[in-house]
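Have a look at the structure below before the remarks.
Each chain gets a letter, A, B and so on, in the order its sequence line appears, and its residues count up from 1. Values below: every heavy atom of this structure, side chains too, minus hydrogens, waters and symmetry copies.
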Amino acid sequence: MRAYVPDYDLVAPDNLSETLRLISREPGVWRPIAGGTDLMVLFEAGKLPYQKLVSLARIADLRGFTASESHVTLGALTTYTDMQRSEVMQREFPLLVKAASWTGAVATQNRGTLGGNIANASPAADSSPALLVYDAEIQLLSERGPRWMNYWEFHTGYKTTAMHLDEIIACISLPRTTTGCAQYLRKVGTRGAQAISKVALAGLAKMNAGKVEHIRLAIGSVAPVPFLCVETEGVLTGRRLDREAIGEAKEQIAAEIAPIDDIRSTADYRRRVTVNLLEEFLESLLPNP
Amino acid sequence: MGKVRIDLRVNGSAKTVDTYPMARLLDVLREQIGLTGTKEGCGEGECGACSVLVNGELVNSCLVPVLQVAGCEILTVEGLAENGQLHPMQQAFAETGGAQCGICTPGMILAACVLLKRFPCPTDRQIRDGLAGNLCRCTGYQKIFDAVREAGRAMAGT
Ligand SMILES: Cc1cc2nc3c(=O)[nH]c(=O)nc-3n(C[C@H](O)[C@H](O)[C@H](O)COP(=O)(O)OP(=O)(O)OC[C@H]3O[C@@H](n4cnc5c(N)ncnc54)[C@H](O)[C@@H]3O)c2cc1C
Ligand code: FES
Ligand code: FES
């Protein structure tokens, strides 16, 4: 059933303090809306569980990129289109640019935001695996002040997060340590355009004289939360990369992930595809593939 | 909840509407401003029938609460023709058979205009990506691709 529009309220302050005051006055009553590409779908279907919305879209402080020597920081309102147009993103964080390019199509990319993708906390969110391998940190903001947390700690369960009801995501910060790293992201879905993924694997590795100096592996869509495969990373870190190491890593990742059966795919298929994607990434790191 | 007064510019003219802040831009355009060129297909962001431009950027108007575009410049398919002359993209769709039932056409034409602005002479791949969010159940897309290429040529004056 469609939503009955007069039941819903929406305000659009242009400053942070008013927004945070509203949200913390009655935590859980006023909820943020950014680009609306997740929220309006629920609204239209009559499934939006809250009626009072505060639009973040006019708050300039939540927009834009800032680059310091050590980090690139993206405002929560950064859209998929913004990410694709940013030179520093293309150069240093191409996996996020790639994920942005396959998130929906043009109209969704113009409106959908990185903050919204994170807060919406879908296990299939396309930005998650890339954010994980980049060691992203996110800043949460409330009237009580800001706090930083590692992105890998943010998702606590299926669609649950470490964000409190009076908080919003203010920005996402990426350490500028990707120079010289091999980067990989592949999503397997039903078709090319506008498909929710069944499995997505991101990888980032720094090789040194045939050895794995640093590696990050992250998976989306296979479990209730996107996650880093720390055990598989452990098998590879510091090790000479050869067929044997790749074989062990494949076994480890198959054991480490806990794929789910759902409407999009089966656990079996997801496990097999994850192993294949890992193999593809690791083989690309071998000297003469 | 009460209505609010919202000012916007639609196809170059100033409009003021009294409406609920969560009303969808799509409904405001069709029902309050009387511009029914913009269509509703899926109502959930998948089909692009409701595409319009907001400050020059393509959006799905079914997913936009009208309060979020207060003060913005909206372009709908009705705003494309000038002085009784169809826009070259409209002309190309008409001539090549890029429109059949017409439900996808207004959104498709706006998405195609955005595409040509970015890539005046697009490859098939660029057309596919640029129109990926606009679904058509009639034409099989080939005629639409023809129209986009044709409009590209017409607009480049070749
Ligand atoms: C046709 C279509 C295709 C799509 N394809 C993809 C896809 O391929 N991959 C993918 O990952 N997603 C996809 N999406 C989902 C969606 O576009 C993204 O998740 C998007 O990033 C959501 O951002 P938003 O700003 O639109 O969020 P909104 O809809 O505004 O909000 C989503 C949720 O996040 C909360 N929120 C938003 N911003 C903040 C903030 N700063 N702080 C705290 N909470 C916040 C809201 O309260 C709400 O609960 C698609 C959606 C559509 C309609
Ligand atoms: S009606 Fe808006 S995208 Fe289908
Ligand atoms: S012409 Fe009928 S949907 Fe495209």
Side-chain angles (χ1 to χ4, degrees), chain A residues 1-14 31-48 50-59 77 79-82 84-85 100-113 116 191-196, chain B residues 1-4 6 19-28 31 40 42-72 107-108 110-115 117-118 125-135 141:
Chain A
M1 249 248 303
R2 290 179 69 163
Y4 180 60
V5 180
D7 279 349
Y8 294 81
D9 203 2
L10 170 67
V11 294
D14 61 5
R31 303 296 293 262
I33 172 171
T37 59
D38 277 314
L39 200 146
M40 291 300 286
V41 176
L42 291 179
F43 170 72
E44 176 53 20
K47 290 183 182 156
L48 191 63
Y50 29 87
Q51 296 185 320
K52 291 181 182 225
L53 297 154
V54 48
S55 171
L56 306 180
R58 291 176 61 203
I59 306 173
L77 292 179
T79 64
Y80 297 104
T81 301
D82 295 334
Q84 291 175 81
R85 287 179 186 162
S101 76
W102 67 40
T103 298
V106 179
T108 306
Q109 292 170 12
N110 284 341
R111 297 270 308 167
T113 66
R191 63 185 183 119
Q194 303 218 54
I196 300 180
Chain B
M1 318 289 167
K3 290 188 177 182
V4 290
I6 291 172
T19 186
Y20 296 101
M22 275 295 279
R24 303 179 305 169
L25 175 58
L26 170 67
D27 298 325
V28 171
E31 290 162 19
E40 173 159 19
C42 63
E44 53 182 51
E46 298 280 348
C47 76
C50 66
S51 307
V52 300
L53 304 196
V54 172
N55 294 341
E57 302 253 40
L58 191 73
V59 308
N60 290 326
S61 63
C62 70
L63 298 185
V64 178
V66 67
L67 183 69
Q68 282 193 331
V69 294
C72 292
M108 195 70 84
L110 287 169
C113 287
V114 168
L115 164 70
K117 207 164 205 174
R118 205 161 154 226
R125 177 70 209 261
Q126 287 162 343
I127 301 180
R128 260 202 298 279
D129 285 348
L131 302 183
N134 295 79
L135 306 184
Y141 299 98

Item to complete: Please state whether the side chain, the backbone, both or neither of B:Val64 comes within less than 4.5 Å of a heavy atom of chain A.
Response: both
Worksheet item: Do the side chain of B:Asn134 and the main chain of B:Gly48 share a donor and acceptor less than 3.5 angstrom apart?
Response: yes
Discussion item. Any salt bridge linking A:Arg85 with B:Glu57? Criterion: basic side-chain nitrogen under 4.0 Å from a carboxylate oxygen.
Written reply: yes
Item to complete: Heavy-atom distances under 4.5 Å only: say whether B:Asp27 touches chain A with side chain, backbone, both or neither.
Response: side chain
Item to complete: Check for a donor-acceptor pair, side chain of A:Thr79 on one end and backbone N or O of A:Arg111 on the other, with a separation under 3.5 Å.
Response: no
Fill in: Main-chain N/O of A:Gly35 paired with A:Thr113 side-chain donor or acceptor, under 3.5 Å
no
Discussion item. So which residue, A:Thr37, A:Val11, A:Asp9, A:Val5, ends up with the most heavy-atom pairs under 4.5 Å with chain B?
Written reply: A:Asp9
Item to complete: Return yes if some donor-acceptor pair links the side-chain N/O of A:Gln109 with the main-chain N/O of A:Ser101 below 3.5 Å, else return no.
Response: yes
Discussion item. If I measure from the heavy atoms of chain A, does B:Cys62 come under 4.5 Å with its side chain, its backbone, both, or neither?
Written reply: backbone
Fill in: Largest heavy-atom contact set with chain A, pairs under 4.5 Å, which of B:Ala70, B:Pro21, B:Ser51, B:Cys42
B:Pro21
Worksheet, complete the sentence: Interface check, chain B: of A:Ala57, A:Ala12, A:Pro6, A:Ala45, most non-hydrogen pairs under 4.5 Å belong to A:Pro6
Practice prompt. Without swapping roles, check the side chain of B:Glu46 against the backbone of A:Gly104 for a donor-acceptor pair under 3.5 Å.
Written response: no
Discussion item. Only pairs of heavy atoms separated by less than 4.5 Å count here; which of A:Val41, A:Leu42, A:Thr81 has the most with chain B?
Written reply: A:Val41
Item to complete: Heavy-atom distances under 4.5 Å only: say whether A:Arg2 touches chain B with side chain, backbone, both or neither.
Response: side chain
